[in-house]
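I have placed the structure first, in the form of structure tokens, so that the comments after it can refer back to it.
Since the structure is predicted, the reported quantities are computational estimates derived from the model, not experimental observations. Below, all heavy atoms of this structure are taken into account, side chains as well, without hydrogens, waters or symmetry copies.
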Amino acid sequence: MSIDEEKAATAAGPQEGAPGGPRAPAADAPALGIASGAASPNGALGAAKKPRRRGWIVAGVVAAVIVVAGAGFWVWHEQPSFCNAICHNPMDYYVETYDDDNPQLGVTAHAKAGEACLDCHTAELTTQVAEVCAWVSDTYPMTEDGTMLATGKQFASEEFCARAECHHAAGTSFDEITANLWDFAGNDEKYNPHASHQDMALECGDCHKIHENQVLVRNECHDLTLPEGWEAPHAE
């Protein structure tokens with residue numbers, strides 16, 4: 001190369017591919033401004049969002065499972081089978097009589113009407129705590145034969161049984177129910193089991209035995225026709 005050619009080459013700058021000159025971009029190199037996710041700000045943001053979104057999905061699924069399980073437990077809690085499923089060992093007898101379909105038991109009419117245990121027996125927190133303590137210490141107040149709770153009759157009171165929301169077929173108050181019981185079960189019109197000459201010495205639970213055979217106590221002295229599903233006192 002002559003001296004003039006060397007000067008012209010120097011003035012033009014390094015040639016592509018020559019030693020010390022600029023290198024041509026590779027065919028598989030990323031285009032300008034399109035870099036890998038690690039180098040791109042947008043790529044880094046997208047990578048950070050994915051785990052956060054997955055976490056919300058997992059949390060939502062867990063919350064949904066808890067809600068469904070809680071709803072199912074609450075529905076079960078309202079059923080008679082709940083009463084003796086976990087810790088209410090003395091409740092076995094009561095649940096069995098609820099499902100017995102025995103016409104002599106007062107609970108049968110309640111079961112057929114779709115009334116469950118908690119529709120009458122309000123599950124107050126203090127009561128539930130006392131029941132848990134009785135179960136843990138095995139100190140339930142039971143009858144001598146060990147089948148029933150000795151305190152069951154405390155519920156069979158006028159206040160408990162003659163509530164306005166119950167027994168609409170006979171009346172919505174104790175007085176109205178009593179007024180509709182003259183000549184009951186085809187007896188003489190002078191007889192009324194609620195209008196006792198014993199001056200109301202009897203209590204509701206003396207006759208109305210929800211989980212036992214219902215007894216017409218007046219037949220200790222009289223010989224009255226028994227209502228369906230009832231028995232006379234001391235009947236075997």
Hydrophobic clusters here meaning ILVMFWY residues chained together by side-chain heavy-atom distances under 4.5 Å, can you tell me if V136 and L125 are in one? no
With clusters defined by side-chain heavy atoms of hydrophobic residues (ILVMFWY) lying less than 4.5 Å apart, directly or transitively, does V132 cluster with M91? yes
Are any non-hydrogen side-chain atoms of Y140 and E131 less than 4.5 angstrom apart? yes
Mind checking whether Q214 and H208 have side chains closer than 4.5 Å, heavy atoms only? yes
Kindly indicate whether the side chain of N102, heavy atoms from C-beta on, has any atom under 4.5 Å from the side chain of T97. no
Between Y94 and W135, is there a shared hydrophobic cluster once you connect ILVMFWY residues whose side-chain heavy atoms come closer than 4.5 Å? yes
Is there a side-chain contact between I177 and H194 in this structure, where contact means two heavy atoms from C-beta onward sitting under 4.5 Å apart? yes
Do E212 and Y93 have side chains that get closer than 4.5 Å, going by heavy atoms? yes
If you measure from NE2 on H222 to CG on N219, what distance do you get to the nearest 0.5 Å? 8.0 Å
Residue set satisfying side chain to side chain contact (heavy atoms under 4.5 Å, CB included) with D223, at least two apart, ordered chain then number -> none
Indicate the atoms forming the closest heavy-atom contact of F184 with T225, along with that distance. CE1-O, 4.1 Å
Is there side-chain contact between D183 and N192, with heavy atoms separated by less than 4.5 Å? no
Identify the two heavy atoms, one from L216 and one from P193, that lie closest to each other, and give their separation to 0.1 Å. CD1-CB, 4.4 Å
Run Q104 and W230 through side chain to side chain contact (heavy atoms under 4.5 Å, CB included) and show every step you take. CA-CA 6 Å; Q104 290 185 301; W230 287 65; over 6 Å; no
What distance separates L181 CG from E176 CD, expressed to the nearest 0.5 Å? 11.0 Å
Set out, in order, the CA-CA distance, both residues' side-chain angles and the distance that settles side chain to side chain contact (heavy atoms under 4.5 Å, CB included) for L105 and H211, then state yes or no. CA-CA 6 Å; L105 304 180; H211 294 278; 5.9 Å; no
Can you check whether N187 reaches W182 side chain to side chain, under 4.5 Å on heavy atoms? no
Just wondering, do P233 and V215 contact through their side chains at under 4.5 Å, heavy atoms? yes
For M142 versus P90, what's the shortest heavy-atom pair and its separation? SD-CB, 3.7 Å
Report yes or no: do V95 and V107 belong to one cluster of Ile/Leu/Val/Met/Phe/Trp/Tyr joined by side chain heavy-atom distances under 4.5 Å? no
Taken in chain and number order and not counting sequence neighbours, the residues that satisfy salt bridge (charged side-chain N to carboxylate O under 4.0 Å, His left out) with D101 are K112
Spatial distance of atom SG (C120) from atom NE2 (H110) [nearest 0.5 Å]: 5.0 Å
Give, for atom SG of C133 and atom CG of D138, the distance between the pair rounded to the nearest 0.5 Å. 13.5 Å
Roughly how far, to the nearest 0.5 Å, is the OG1 atom of T108 from the CG atom of D99? 9.5 Å
Drop me the distance from T143's OG1 to M148's CE, to the nearest 0.5 angstrom. 6.5 Å
